[in-house]
Amino acid sequence: MPAAEGQLQVELAQLNYMLPRLTGKGAAMSRLGGKSGGGGAGGVGGGAGHIGVRGPGEKKLETDRRRIRDRVRKIQADIEAVRKQRALRREARNAVPLGTIALVGYTNAGKSTLFNALSKAEVLVSSRMFATLDPTVRAIRLPSSRRALLSDTVGFIRDLPKPLMTAFRATLEEVQESALILHVSDVSNPHHEQLDAEVKKILAELGVSDRPVIRVLNKVDRLSPEEKLAISQSCNGNHDSPVALVSGLTGEGLDALIRQIDASLPVDPTVTLSLRLPLAEGKTLALLHALGKVLHSEVDDLYMQLDAEVPASIVQKLRLNNFVARGTSRRS
């Protein structure tokens, strides 16, 4: 199984940077050929080389370059394989429509901690730059009983070198596919407004400025009560997007954030159905439990009778109207 694409892209950028700069120094990496004979009696060159013979250093350089080129080709093949796998996974996800929520923000804004708190996942939390190179996606259930996909992304930085921009291809694709963006800021950082401006610039370059955005002011646990009150008051009516004050570490404000997410995602009304499905429809039954909310179920001979709340898009995708019992169908 190839490594994640972000790691491969970073290694590829390093090798492409190193290759033209690979040079030999000193006797061990000498690039000089041998000299003509004449060192000993009778003109026999004692230990000397011959004109046109390459020195050991040049052979070492060629070996190193060949190894790097071989590794570059291998990485490029692995990247292509990862992209194909990711395309297949995305196609499978799109087969059952769920809204995707992308967390974006400047590096060290606390996105992974917030992601873990919202999704109950165990994503690596680190202050190291680029600790999260490839997106991690988890399903979450919203107060309306809808399910959505939450995606953790790489932390942005200023003036990222162009070769490294491709390292974030996977992350950027998730942002471009998202229905809602959570712009996470470290509100305890006195320069967070300038850093937020850098993130907005990158989002504009990605062509996602028109997406619904919730500004998530994270790490409020580091603020004094006076600072928290001042920021809360300044947020009232001063932003085009909804604002949430949270702490991914302590859980403060997360319930309110989840309600905001539910309200901000594109509307997918919930339908309440009474269904009678053959037990042979195992895949449909499993998806119904995973993507809807089953209120009651019982087995009747070779059928499963159940009442469920299901998003309208899932009703259409799974063709649940074919299994409606007694004509029951109402919107919640």
Side-chain angles (χ1 to χ4, degrees), residues 4-14 16-17 79 82-83 86-87 90 99-115 118 123-137 148-219 235 238-244 246 248 257 260-261 264-266:
E5 183 181 349
Q7 297 170 335
L8 294 171
Q9 289 282 13
V10 169
E11 185 181 354
L12 182 62
Q14 290 172 332
N16 284 331
Y17 178 86
I79 288 172
V82 170
R83 288 177 183 170
R86 194 172 63 247
R90 182 174 289 114
T100 302
I101 307 156
L103 278 75
V104 303
Y106 206 80
T107 189
N108 289 340
K111 297 184 309 306
S112 294
T113 300
L114 182 61
F115 179 88
L118 290 172
V123 171
L124 171 66
V125 176
S126 172
S127 60
R128 290 186 298 109
M129 194 174 294
F130 309 149
T132 307
L133 268 175
D134 294 271
T136 304
V137 180
L149 297 177
L150 189 65
S151 175
D152 188 22
T153 66
V154 69
F156 297 154
I157 64 168
R158 285 193 190 101
D159 304 322
L160 190 65
K162 203 158 190 177
L164 277 179
M165 276 301 292
T166 53
F168 306 141
R169 176 187 295 269
T171 284
L172 301 184
E173 284 178 359
E174 292 296 337
V175 174
Q176 290 170 324
E177 293 282 335
S178 64
L180 174 67
I181 294 173
L182 302 187
H183 179 176
V184 184
S185 305
D186 176 3
V187 72
S188 67
N189 186 331
H191 306 293
H192 75 271
E193 291 288 353
Q194 297 95 303
L195 303 182
D196 289 349
E198 293 292 329
V199 173
K200 290 178 181 177
K201 186 193 305 181
I202 295 175
L203 293 177
E205 291 171 359
L206 294 175
V208 295
S209 298
D210 59 337
R211 301 290 161 83
V213 176
I214 298 177
R215 283 200 65 202
V216 182
L217 303 183
N218 193 24
K219 304 188 183 182
C235 289
N238 290 342
H239 295 279
D240 297 331
S241 305
V243 180
V246 306
L257 173 59
Q260 283 183 303
I261 291 172
S264 299
L265 271 177

>> Restricting to non-hydrogen atoms, name the atom on Leu180 and the atom on Pro212 that form the minimum distance, rounded to 0.1 Å.
In response: CD1-O, 3.3 Å
> Taking only residues two or more places apart in sequence, or in another chain, which ones meet Ser209 in a side chain to side chain contact (heavy atoms under 4.5 Å, CB included)?
Replying inline: Ala204
> Hey, are the side chains of Val104 and Leu182 touching, using non-hydrogen atoms and a 4.5 Å cut-off?
Replying inline: no
>> Could you check whether any side-chain N or O of Asn218 sits under 3.5 Å from a backbone N or O of Ala109, counting only pairs where one atom can act as donor and the other as acceptor?
In response: yes
> Just how far is it from atom CG of Leu150 to atom OG1 of Thr100, taken to the nearest 0.5 Å?
Replying inline: 9.5 Å
> Would Lys111 and Asp152 pass as an ion pair if we require N to O under 4.0 Å?
Replying inline: no
> Could you give the distance from CD (Glu198) to OG1 (Thr107), rounded to the nearest 0.5 Å?
Replying inline: 13.0 Å
> Do the side chains of Val246 and Lys219 get nearer than 4.5 Å, heavy atoms only?
Replying inline: no
> Looking at His192 and Val187, what are the two nearest heavy atoms and their distance?
Replying inline: ND1-O, 3.8 Å
>> One pair to check against side chain to side chain contact (heavy atoms under 4.5 Å, CB included): Asp196 and Arg215. What are the steps and the verdict?
In response: CA-CA 10 Å; Asp196 289 349; Arg215 283 200 65 202; 2.7 Å; yes
> To the nearest 0.5 Å, how far apart are CG in Leu257 and CG in Leu114?
Replying inline: 6.5 Å
> Looking at side-chain heavy atoms only, is the closest gap between Ile101 and Leu149 below 4.5 Å?
Replying inline: no
> In chain order, what residues pass the side chain to side chain contact (heavy atoms under 4.5 Å, CB included) check against Val208, with sequence neighbours excluded?
Replying inline: Val175, Gln176, Ile181, Leu203, Leu206, Arg211
> What's the verdict on side chain to side chain contact (heavy atoms under 4.5 Å, CB included) for Tyr106 and Asp186, showing C-alpha distance, side-chain angles and the deciding distance?
Replying inline: CA-CA 8 Å; Tyr106 206 80; Asp186 176 3; over 6 Å; no
